[in-house]
Chemist: 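My structure is below; once you've seen it, I'll send some questions.
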Amino acid sequence: MGVERSGPDQRLRDVARAMRGVIELLEVYWTRVPEGFSPVTVSAPQLRVMYVIERREGINLRQLGAELDAAPSSVSRLCDRLEAIGFVRRSSSTASRREVELRLTAQGRAHLDRLRARREERLAAALARASPASRARLMEAVETIRVALTAAVRAEPTESAEPAEPPDTGVQRPPGGGAERRTG
């Protein structure tokens, strides 16, 4: 017979389980991209690489591997593929000729912009089914999650001295601490 759990710890686990379920549904929902959206398919690991490079322009392969917690050979292969399709450019570091810096190309940035726009469009269509009051509560909850995740990302040790910045969420935070939808 199992031990019944209750109280704050169990509620926290229930919230985490619900969030995991939402994230998994989003992953499935977002991968259902209409035909003709993009002639290039980027895998989830390649997309993660692009997000990190976008956030840390000029990152080297070693730092990227540490950030992704991935083997250097795996990171190199991911970058090879992204470079072959024109989304990432490698160049020699100005600080050390032995280091290779990674940058997104204009084509890579455009792909991320199209992908984000399409995801937001699809998510907005799904959320249109919720009441305005439910959407307002959801916005508060999403902002709470964003703040907690930002703190968790910043608290994690990284090999680099540079602080890790969370990805652009499309939400601007006014001085009062609330959240507003970006309009531009």
Side-chain angles (χ1 to χ4, degrees), residues 5-31 42-72 74-75 78-79 82 87-88 101-104 108-109 111-113 115-124 126-127 130 132-184:
R5 295 184 196 166
S6 62
D9 286 348
Q10 185 58 39
R11 286 192 295 270
L12 188 59
R13 285 187 186 94
D14 291 344
V15 170
R17 186 176 302 109
M19 279 299 305
R20 178 194 43 82
V22 168
I23 291 166
E24 290 171 358
L25 281 170
L26 282 171
E27 288 172 347
V28 170
Y29 188 63
W30 280 338
T31 58
V42 177
S43 69
Q46 290 167 341
L47 197 54
R48 284 183 61 212
V49 166
M50 291 178 70
Y51 289 148
V52 172
I53 294 172
E54 177 186 47
R55 196 173 69 241
R56 300 208 31 223
E57 192 74 23
I59 192 171
N60 65 39
L61 284 169
R62 180 183 47 77
Q63 292 167 332
L64 180 60
E67 182 118 358
L68 296 173
D69 195 26
S74 297
V75 172
L78 288 167
C79 290
L82 290 168
F87 286 179
V88 168
E101 295 178 341
L102 302 165
R103 289 184 165 58
L104 289 182
R109 288 183 194 287
H111 181 78
L112 287 180
D113 289 345
L115 180 68
R116 286 178 174 136
R118 179 64 185 146
R119 285 178 169 185
E120 286 176 18
E121 178 184 301
R122 296 200 68 207
L123 191 52
L127 292 173
S134 292
R135 289 193 303 262
R137 287 190 307 273
L138 178 61
M139 188 64 205
E140 278 185 48
V142 167
E143 180 61 10
T144 298
I145 294 164
R146 188 201 62 76
V147 167
L149 287 173
T150 298
V153 166
R154 288 189 175 143
E156 289 179 353
T158 60
E159 203 170 308
S160 166
E162 300 173 39
E165 292 294 323
D168 180 15
T169 60
V171 174
Q172 288 182 329
R173 285 145 314 277
E180 289 181 2
R181 177 83 183 117
R182 185 186 331 183
T183 58

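On a predicted model such as this, the values are computed, not experimentally measured, just so you know.
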Chemist: Working note: Glu120 + Arg116, criterion salt bridge (charged side-chain N to carboxylate O under 4.0 Å, His left out); need CA distance, chi angles, decisive distance, verdict.
Modeler: CA-CA 6 Å; Glu120 286 176 18; Arg116 286 178 174 136; over 6 Å; no
Chemist: Any heavy-atom pair between the side chains of Arg135 and Pro132 that's under 4.5 Å?
Modeler: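 The answer is yes, as the side chains (C-beta and beyond) meet within the 4.5 Å cut-off.
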Chemist: Kindly compute the distance separating OG1 (Thr144) from CE (Met139), expressed to the nearest 0.5 Å.
Modeler: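 Interatomic distance, Thr144 OG1 to Met139 CE, rounded to 0.5 Å: 10.0 Å.
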Chemist: To the nearest 0.5 Å, tell me how far Leu82 CG sits from Gln46 CD.
Modeler: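 Here the rounded value is 4.5 Å.
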Chemist: Taking only residues two or more places apart in sequence, or in another chain, which ones meet Arg137 in a side-chain hydrogen bond (donor to acceptor under 3.5 Å, both in side chains)?
Modeler: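 In terms of side-chain hydrogen bond (donor to acceptor under 3.5 Å, both in side chains), with neighbours along the sequence ignored, Arg137 is linked to Ser134.
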Chemist: Walk me through whether Leu115 and Val42 qualify under side-chain contact (heavy atoms from CB on, under 4.5 Å).
Modeler: CA-CA 10 Å; Leu115 180 68; Val42 177; over 6 Å; no
Chemist: Taking the side chain as C-beta and beyond, is there a heavy-atom pair between Leu26 and Leu123 under 4.5 Å?
Modeler: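 Yes, side chains in contact.
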Chemist: Looking at CG of Asp113 and CZ of Arg118, how far apart are the two atoms once the value is rounded to the nearest 0.5 Å?
Modeler: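 Those atoms lie 15.5 Å apart.
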Chemist: Residues in side-chain hydrogen bond (donor to acceptor under 3.5 Å, both in side chains) with Arg109, at least two apart?
Modeler: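 Testing Arg109 for side-chain hydrogen bond (donor to acceptor under 3.5 Å, both in side chains), a comparison that skips the adjacent residues, returns Glu57.
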Chemist: For the pair Asp14 and Arg11, find out whether any cationic side-chain nitrogen is under 4.0 Å from an anionic carboxylate oxygen.
Modeler: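 No.
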Chemist: If you measure from CG on Leu78 to CG on Leu64, what distance do you get to the nearest 0.5 Å?
Modeler: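 If we round to the nearest 0.5 Å, Leu78:CG and Leu64:CG are 8.0 Å apart.
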Chemist: In Å, rounded to the nearest 0.5 Å, how long is the span from CZ of Arg154 to CG of Leu149?
Modeler: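 One finds 12.0 Å between CZ of Arg154 and CG of Leu149.
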Chemist: So for atom CZ, which belongs to Arg119, do other residues, nucleotides or ligands contribute more than 12 heavy atoms lying within a distance under 6.0 Å?
Modeler: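 Yes.
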Chemist: Would you indicate whether the side-chain heavy atoms of Leu68 and Ser74 approach each other to under 4.5 Å?
Modeler: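 Ser74 vs Leu68: side chains apart.
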Chemist: Test Arg20 against Glu24 for side-chain contact (heavy atoms from CB on, under 4.5 Å), laying out the working first.
Modeler: CA-CA 6 Å; Arg20 178 194 43 82; Glu24 290 171 358; 3.2 Å; yes
Chemist: Taking side chain as C-beta onward, heavy atoms only, is Glu54 less than 4.5 Å from Met50?
Modeler: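 No, their side chains stay 4.5 Å or more apart.
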Chemist: In Å and rounded to the nearest 0.5 Å, what is the CG to CG distance from Leu61 to Leu102?
Modeler: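 Those atoms lie 5.0 Å apart.
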Chemist: Working note: Val49 + Val75, criterion side-chain contact (heavy atoms from CB on, under 4.5 Å); need CA distance, chi angles, decisive distance, verdict.
Modeler: CA-CA 8 Å; Val49 166; Val75 172; 5.6 Å; no
